[in-house]
Structure formats: structure tokens, C-alpha cells
**Student:** 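Before I ask anything, here is the structure I am working with.
Quick note: numbers below take in every heavy atom, side chains included, and nothing from hydrogens, waters or symmetry partners. Please read all numbers here as calculations on a predicted model, not as lab measurements. First listed ligand is number 1; within each ligand, the first listed atom is number 1. Residue numbers run from 1 in the order of the sequence given.
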Amino acid sequence: MKYGYFDDQAREYVITRPDTPLPWINYIGCQSYFGILSATGGGYSYYKDARLRRLTRGRYNNVPADFGGRYVYVRDNASGDYWSPSWMPTQTTLEDYSCRHGMGYSTISSKRAGIRTSTRYFVPLDETLEIWQVTVTNERLEAADISLFSSVEFCLWDAQDDATNFQRNLSTGQVEVDDGVIYHKTEYRERRNHFAYFSCSEELDGFDTQREDFLGAWRGWDKPVAVEEGRSRNSIAHGWSPIGSQHVKLRLEPGESRQIVYVLGYHENDKDDKFDPPNSQTLNKKTVAPIIAKYRDIANVESAFDALRAHWDQLLGVYQVTSPDQHADRMVNIWNAYQCMATFNMSRSASSFESGIGRGLGFRDSNQDLLGFVHMVPSRARERILDIAATQLSSGGAYHQYQPLTKKGNNDIGGDFNDDPHWLIVGVAAYLKETGDFSILDAPVMFDCLPGTEEPLYEHLKRSIQYAQDRIGPHGLPLIGRADWNDCLNLNCFSDTPGESFQTSTSKDGKVAESVFIAGLMVLSARELSDIAAVSGKAEDASYYAKLSADMSATICEHGWDGDWFLRAYDDNGNKIGSKENDEGKIYIESQGFCALAGVGLEDGKARKALDSVAKHLATPHGIVLQQPAYSRYYIEYGEISTYPPGYKENAGIFCHNNPWVIIGEVMQGNGDAAFDYYSRICPSAREGISDVHRLEPYVYAQMIAGRDAPSHGEAKNSWLTGTAAWNYYAITQWIYGIRPEYSGLRVAPVVPERWTDFKVNRVFRGVSYDISVTRKGAGNAVTLTVDGTVIEGDIVPPPVNGVQSVKVEAVLG
Ligand code: GLC
Ligand code: GLC
């Protein structure tokens with residue numbers, strides 16, 4: 001069953017009924033001002049940091065779900081009938097409802113009683129504001145007398161405090177209303193120099209800024225008294241709950257359309273120029289006035305929207321494919337790339353499943369996210385790498401998270417997740433291959449954000465490996481620390497205290513529990529560092545890290561092999577995890593996928609065997625589960641993994657993030673059919689037809705799909721902000737299609753299904769546009785490349801001579 005359809009031409013997903021199984025959201029904003037926007041007008045906005053600079057409120061875990069939003073009410077002044085054209089919050093019956101989620105904008109349209117309303121929401125590039133462009137059309141045969149009431153509920157900036165500290169916050173709210181613009185200025189009189197504003201392109205018939213005056217006592221957003229009576233109260237909030245609502249009356253002739261533009265924005269004033277006049281307490285509005293004036297003019301709104309579209313044309317234009325599979329095409333060309341930009345911008349902070357008040361940017365998450373966006377925004381990737389690296393500790397270890405606003409490591413979480421440092425190397429290698437910008441390795445970067453501690457980025461990479469070398473366990477494998485990629489495999493925690501964090505409490509010295517996953521990751525990271533050293537002329541380092549990689553690979557084969565698959569870990573007692581010897585959790589995906597991907601056991605058949613075991617024990621029609629059998633009880637020595645009921649999350653859920661490791665592993669075995677089959681099982685678009693089972697957005701990946709042990713096998717959770725986005729994008733674009741940046745050029749080495757006779761890719765790489773067409777002549781994966789008419793040796797297209805902007809590559813497979 002479906003709740004909409006893909007409009008690939010427009011690059012939109014069109015939701016055709018508002019009561020999707022769960023809120024289906026989109027994001028607006030792509031630089032510093034962001035918002036979550038659901039198909040029913042729900043969601044909130046923030047500037048840079050979802051916790052510390054929240055503009056509007058969201059209500060967590062509310063019923064109905066998805067409450068708090070950008071609501072416009074339409075009132076028919078003749079009949080008194082009123083409704084929400086976005087369905088929520090009044091839930092009044094609508095005709096012709098649709099929500100078009102596009103690239104950085106959404107348009108919600110509907111009709112009731114002959115009045116059509118269509119609202120396009122977006123954030124212009126380079127602005128810290130959002131626009132709601134409302135078009136109201138009278139499709140009746142007679143004139144209509146209509147009222148529009150807008151509404152937002154302001155958050156008092158720190159979303160955590162706002163949701164908890166009522167004894168203070170119910171007394172601090174402050175606003176100003178001037179020339180029809182509502183200014184939210186809570187705490188501006190003291191230490192803040194920023195405020196929010198909410199303006200409207202029309203003359204107002206009234207406004208409200210105090211929630212209770214607008215809604216009425218004992219009423220909710222579904223029936224505000226001001227809307228019901230068609231009359232704003234012109235209230236000025238003092239404490240309690242500041243809101244913004246504007247009342248506009250429109251008389252529309254038959255067939256007449258009108259556009260009304262609302263702007264909700266964030267603005268900062270100079271600390272020394274906060275007030276006007278200077279010694280008053282009145283907000284200085286001079287610096288924001290030109291911005292407000294600009295978007296009162298619809299022509300400026302339209303050109304801002306065109307610029308946003310052009311921005312996405314450019315980003316998505318970097319990689320475009322035409323293949324025999326429409327699902328893969330629309331994911332790669334549109335939605336998966338778009339999701340990668342969302343994870344770049346939001347990391348794991350704000351979604352329907354992340355409150356925006358918890359996590360900042362994750363060290364390992366952000367590095368992995370790079371794999372999915374580095375080709376679209378290389379200069380911002382560079383900045384991101386340097387920010388992440390600056391939080392690294394001098395030991396080579398890492399803070400697990402850092403706050404985007406302060407860019408400082410998060411002390412509440414701390415470090416000692418022993419996989420973290422390796423991901424920095426993986427991220428930097430991806431950046432270097434994409435851009436060829438080796439100057440980044442010389443950039444001076446602090447440790448622990450402490451000025452004076454700067455060392456070249458290259459030194460940071462070496463410390464990442466050193467950190468692992470300083471933490472090797474009894475079998476010669478890396479010690480796991482608090483956890484590795486699997487945050488819930490907490491082998492040093494041994495928690496028996498309810499509510500204690502499994503990730504940050506440790507009761508063991510950590511000198512025994514080892515991770516085969518980190519070992520596999522280290523095989524890769526040491527090899528990447530070796531390659532980086534080789535290309536930058538550091539021959540000694542190159543051979544040192546190559547040997548380290550090979551040695552670790554040998555150690556895995558010796559102590560990390562269980563006969564038919566790779567072990568997952570050794571626990572604090574030195575017992576195996578992920579072994580035939582275990583009663584539950586006998587086989588895990590991470591070590592199979594990552595070791596295969598890193599090339600461990602590639603030659604002697606171990607990798608093949610491990611992947612066959614994955615197919616046999618872990619693969620389901622909805623994707624590959626994380627481990628089997630699921631843990632049926634709590635294992636104090638394993639930690640959080642065994643706290644989840646069987647089939648959910650890390651306890652044998654389909655953790656989509658690591659399915660692509662198996663996909664890449666199959667590609668390395670030359671098995672295009674298996675790789676693409678696994679790809680399709682979790683591909684959101686391919687699952688659109690079972691939206692009633694999957695339940696989340698069919699245009700983006702979710703972190704998890706319930707595993708076969710769960711009662712709701714196939715049901716997705718935690719959509720949008722997941723490493724799944726980058727890894728799947730990386731797996732399909734670089735490994736299955738095989739168009740892969742290398743230091744010496746662009747590799748073309750597809751491993752696609754045998755039935756595919758041809759496909760085409762357009763790839764912009766280091767400023768050159770590669771027009772690549774692949775045709776199959778035989779069953780295998782051997783490739784012959786013809787570059788601009790000349791057959792070349794090997795599968796790497798070297799950079800063209802200076803000045804050449806486009807290259808034609810013909811690849812013959814077979
Ligand atoms: C979440 C975390 C990620 C972790 C994964 C597995 O996706 O963001 O860091 O690797 O869970 O536990
Ligand atoms: C990861 C896991 C999640 C766990 C969390 C703890 O995000 O996916 O299951 O609760 O880490 O921080």
C-alpha cells in the first residue's frame with residue numbers, strides 16, 4: 001500500500017493523504033538556519049544548533065504525533081467554518097490534499113469549500129529565515145470573505161531548558177510588535193543579542209503574541225478561540241508562552257488568487273548596538289528591517305526559490321545515473337544524495353526520532369557521513385574534517401561527540417569508544433581521493449580545541465593509529481573500550497543500576513575485551529594511511545602502515561575466525577562473542593561485512609565463507625539483521641545490546657547502516673547479483689509498495705527495520721539521520737556502479753547484476769565532467785575502457801590534460 005508517489009521529474013515525493021502511518025517529514029535550510037517540516041505543517045526551526053538556538057517549539061512524543069508547527073488557519077467569515085489547509089491541527093476534512101516534499105522545500109496544498117490553499121515553505125540560501133508562501137484561490141462562483149491566521153509558538157531558545165524549567169520560563173517571555181512584525185526577544189534585555197521575528201506581507205487586521213489569548217483557556221491548537229470568533233486579541237506576551245499569530249482579511253472575487261508571504265527569521269545585533277534608542281530597552285530593528293522589506297516583495301521570494309533550485313541542480317548534478325533500475329536511479333540521483341546532505345547538516349540531532357536536545361555531532365558518525373557528501377560540497381567537507389580533528393585528544397583518542405555551535409568536545413559523553421579515531425582516517429582518505437587537495441594534511445589542527453597544541457592534520461592521523469596500538473588486547477586485537485561502532489556492545493560496563501548509561505559507565509579496566517570489528521576497521525584505516533603516506537612521498541610511513549595493516553589482517557585470521565565466519569569480539573572474561581560456542585548471538589554482521597570490505601580473508605576464501613554465512617543466517621527479505629540468534633535475556637557482560645527486545649535495534653534488528661558493508665564485500669567478490677539484491681531489500685523506493693508495513697518515508701533510509709524476531713518484522717524506525725544514508729550511497733555509486741575516485745584518477749569498475757546490459761553515469765570529478773557509458777558483452781566484471789576514443793590500460797581514467805572539461809568514457813564489461 002502507498003500513501004503517495006514519486007514525481008522524479010520535479011524531484012519530489014507527493015504525499016496524497018495526510019494520515020500517513022507516522023509523520024513523513026522533510027528538512028528546510030541548508031547552511032545555518034534549519035527546520036523540520038512534516039507533511040501536515042508540523043516541525044520546528046533552529047539556528048545552527050537544535051538545542052541551544054531553537055526558534056519554535058516541538059512537542060516530543062505527543063499525541064497526536066507531530067505537534068507544534070507552522071500553522072495557518074483559513075476561516076470563511078461568512079459561515080464561520082475554519083480549517084487547517086495542512087490538515088493539522090484542526091484535522092478538518094479536506095479535498096485534494098497533497099504535500100510535495102522537494103529539495104529543501106515542501107508545498108502543502110488542499111481545498112475546502114471552494115477555497116484552495118497552497119503553501120510553499122523554504123529557506124532562501126544565505127539567509128537565516130524561512131518563508132511560507134501562501135497562495136489562496138477562490139474557486140467559487142461568488143466572492144469569498146476569508147480570514148487567515150498564522151501561528152508559531154516560540155521556544156525560549158535553549159530547547160532543553162524550555163521543556164523543563166517552567167518555574168523560570170513562564171515568567172521570562174518577552175515580545176515587541178512593531179509595524180505588523182512580531183519580535184520574540186526573550187532574554188534579549190540581558191545576555192542574548194539575538195531575537196526572532198515573524199512578519200507578513202499584508203496589512204494586519206490583528207495579531208496575538210500570548211498563547212492563552214489566542215487559543216483561549218482550556219483550548220488547544222485545534223480550535224483557537226481567536227480563529228473561531230474571527231478576531232485577534234492584539235495581545236502582548238509578558239511571561240507565559242509567547243507566540244506569533246497574524247490575522248489577515250481577504251476578499252477574493254470568483255477565480256481570484258492572492259499570495260501572502262510570511263517570514264520567520266533569526267537575527268543577531270551587535271552586542272553594542274542592541275537597543276534603539278541606545279539607552280532604551282527597545283529592540284534595535286534597523287539591521288533586520290531591510291531583510292523584512294526584501295521578502296515583502298514576491299519577486300524576491302520567487303528569485304530566492306529559483307536560487308535554491310539551482311543550488312540543488314548543482315549539488316545533484318555531480319553524480320547522475322541512468323540504469324535499468326528506477327528505484328536505484330531515483331535514490332542516487334535525488335533522494336539518497338539529498339539525505340546525505342541532511343546527515344551532513346543535522347548529523348544525528350533533530351528528526352522525528354532525535355529530539356534535538358541530546359546529541360551533538362558524533363565523531364564517528366560525521367566522519368562516515370563524509371563518504372556520502374564530500375563530492376557535493378568538498379570545501380565544506382574540508383571545514384568539517386578540520387573541526388572534527390580539532391576535538392581529537394593528544395592521545396589520539398576522541399570525544400565521542402561535539403556541539404556544532406561551540407565546536408567543542410562534549411564532556412558529558414567523553415571518549416574511549418575505541419573505533420572513533422580510525423574513522424577520521426577513513427573520512428580524510430575520502431576527501432583526498434575526491435579532491436586531490438593534499439594541502440589539508442599540512443593544516444595546523446589543535447588537540448582538544450586547545451590553542452597552542454596545533455599539529456598538522458597528518459600527525460592527527462598517525463595518532464589515531466597510535467591510539468589503537470597503545471590499546472591492544474591479549475589476542476593482539478584492538479581493545480574495545482566503551483564500545484565500538486556498535487554503541488550497544490558495552491563489554492566493560494557490567495551495569496546493574498537502572499538508568500545508568502551503558503556507554504559512559506565503566507566498571508572494568510578494559511584490558512581484556514577486544515573487538516574483531518575494530519581490527520577489521522584498522523586493517524582498512526592503516527592501509528588508507530599507508531596510501532596517503534605513499535602519495536605524499538613518505539615512503540617509510542607508507543611501508544610501516546602497510547605492514548601494520550597486513551599484520552592485523554593476519555591476527556584476525558588467527559584469532560578472529562570461528563570456522564565459518566569472523567568472531568565479533570572477546571568479552572572481559574576472554575570468552576568469544578559471535579561464535580558457534582555461544583548460545584545466542586552466534587554470528588554478527590559487523591565483522592563479516594567489515595572484514596570482507598577491508599579485504600581480510602579475500603585470498604584464502606574466509607571472506608567468501610563469511611558472506612555465505614551472512615546469507616544463510618542473517619539475511620531476510622527486509623534486509624540483513626545484525627546478529628542471530630537474538631538475545632532473549634539481559635547479559636550483564638554484553639551491555640545495552642541485550643536490553644533491546646529481540647528484533648529491535650542492535651539486538652538483531654536490521655541495522656541498515658551496516659548492510660552496505662556486506663554489499664561492498666559481495667562486490668569485492670565480484671558478485672553483482674548478490675550485492676544489488678541486498679541493496680534492493682532495504683532501498684526505500686523499492687519498499688514504497690509496502691508502506692503500510694515499512695510505515696516510514698519511502699524516500700529516505702531509516703536506521704532500523706525490525707528484524708525477524710520482532711512482532712513487526714519489516715517496520716522501519718529512526719528515519720533520516722543515520723549513517724545508512726552515506727554508506728548506501730557509497731556502496732551503490734562507488735562499488736556497484738564502480739565509479740570510484742582514486743588518487744590517480746577515476747576508477748570505472750562496475751560490479752552490477754548480470755542481467756544489466758547497460759547503464760550510464762555522469763560524474764563531475766575534480767572539475768571535469770565524465771560521461772560514462774557501460775555496456776555488457778559477457779557475464780563477468782572484466783572491464784575495457786575507451787577514453788575519448790582511445791583504449792586505455794587498466795580501469796582508472798587518468799585526469800585529462802589541463803583545460804579539458806569533459807571526458808567520454810566507454811566501458812565494456814564481460
Ligand atoms: C547509531 C549511532 C552510531 C552507531 C550505531 C550503532 O546509529 O549514531 O554512532 O555506530 O548507532 O550502534
Ligand atoms: C546508538 C544506538 C542506540 C543506543 C545509543 C546509545 O545510537 O543505535 O541503540 O541507544 O547508541 O547512545
Side-chain angles (χ1 to χ4, degrees), residues 50 339-340 342-356 358-372 388 391 398-402 404 410 413-424 426-427 480-491 493 501-504 515 517-518 520-521 568-569 577-578 585 588-591 593-594 597 623-627 631 638-644 648-662 682 696 700-705 707 716-728:
Q339 187 179 1
C340 287
T343 58
F344 165 55
N345 285 319
M346 313 303 142
S347 187
R348 306 295 174 271
S349 71
S351 73
S352 310
F353 298 86
E354 300 281 6
S355 64
R359 304 203 259 174
L361 274 78
F363 193 94
R364 79 157 83 87
D365 292 337
S366 295
N367 278 305
Q368 292 170 78
D369 290 348
L370 272 159
L371 297 173
I388 299 171
T391 69
Y399 280 103
H400 197 45
Q401 293 163 8
Y402 73 98
N410 187 347
I413 310 292
D416 295 334
F417 293 76
N418 286 352
D419 64 315
D420 272 335
H422 297 283
W423 295 113
L424 180 64
V426 173
I480 194 168
R482 290 180 159 161
D484 60 20
W485 171 88
N486 189 329
D487 269 335
C488 296
L489 200 59
N490 317 114
L491 305 182
C493 179
S501 157
F502 287 96
Q503 282 78 35
T504 57
S515 163
F517 168 77
I518 301 183
L521 175 57
R568 179 62 177 81
I577 298 179
Y588 276 67
I589 190 174
E590 298 102 304
S591 38
F594 221 90
L597 170 166
I624 309 167
V625 300
L626 195 141
Q627 107 276 18
Y631 295 117
Y638 297 168
E640 188 170 353
I641 187 164
S642 59
T643 68
Y644 284 113
Y648 291 120
K649 298 279 279 181
E650 280 86 343
N651 189 12
I654 295 157
F655 220 94
C656 299
H657 185 145
N658 50 32
N659 279 225
W661 302 345
V662 174
I682 59 167
L696 277 171
V700 289
Y701 284 97
Q703 180 204 55
M704 187 207 47
I705 296 173
K717 285 200 187 102
N718 299 11
S719 53
W720 282 98
L721 304 184
T722 160
T724 310
W727 274 104
N728 274 287

**Student:** If you count the atoms of ligand 1 from 1 in the order shown, which ones are under 4.0 Å from a heavy atom of Arg364?
**Tutor:** 3 (C), 4 (C), 9 (O), 10 (O)

**Student:** Does one side chain, of Gln368 or His657, offer a donor that lies under 3.5 Å from an acceptor on the other?
**Tutor:** yes

**Student:** When you measure from the side chain of Ser366 to the backbone of Phe363, do you find a donor-acceptor pair of N or O atoms at a distance under 3.5 Å?
**Tutor:** no

**Student:** Near Gln703, which atoms of ligand 1 are under 4.0 Å from a heavy atom of that residue?
**Tutor:** 1 (C), 7 (O), 11 (O)

**Student:** So Trp485 and Trp661, would you call those rings parallel, tilted or perpendicular, with 30° and 60° as cut-offs?
**Tutor:** perpendicular

**Student:** What atoms of ligand 1 come closer than 4.0 angstrom to any heavy atom of Asn486?
**Tutor:** 12 (O)

**Student:** Heavy atoms only, cut-off 4.0 Å: how does Asp487 contact ligand 1, side chain, backbone, both, or neither?
**Tutor:** both

**Student:** Heavy-atom distance to atom 11 (O) of ligand 1: which of Phe363, Trp485, Phe655 wins?
**Tutor:** Phe655

**Student:** What do you reckon, does His657 have a nitrogen or oxygen under 3.5 Å from a nitrogen or oxygen of ligand 1?
**Tutor:** no

**Student:** Within 45 degrees of the ring normal and closer than 6.0 Å to the centroid, is that where the cationic atom of Lys717 sits relative to Phe353?
**Tutor:** no

**Student:** Given the rule in the salt bridge (Lys or Arg N to Asp or Glu O under 4.0 Å) test, do Arg348 and Asp369 qualify, once you have shown the distances and angles that lead to the verdict?
**Tutor:** CA-CA 11 Å; Arg348 306 295 174 271; Asp369 290 348; 2.9 Å; yes

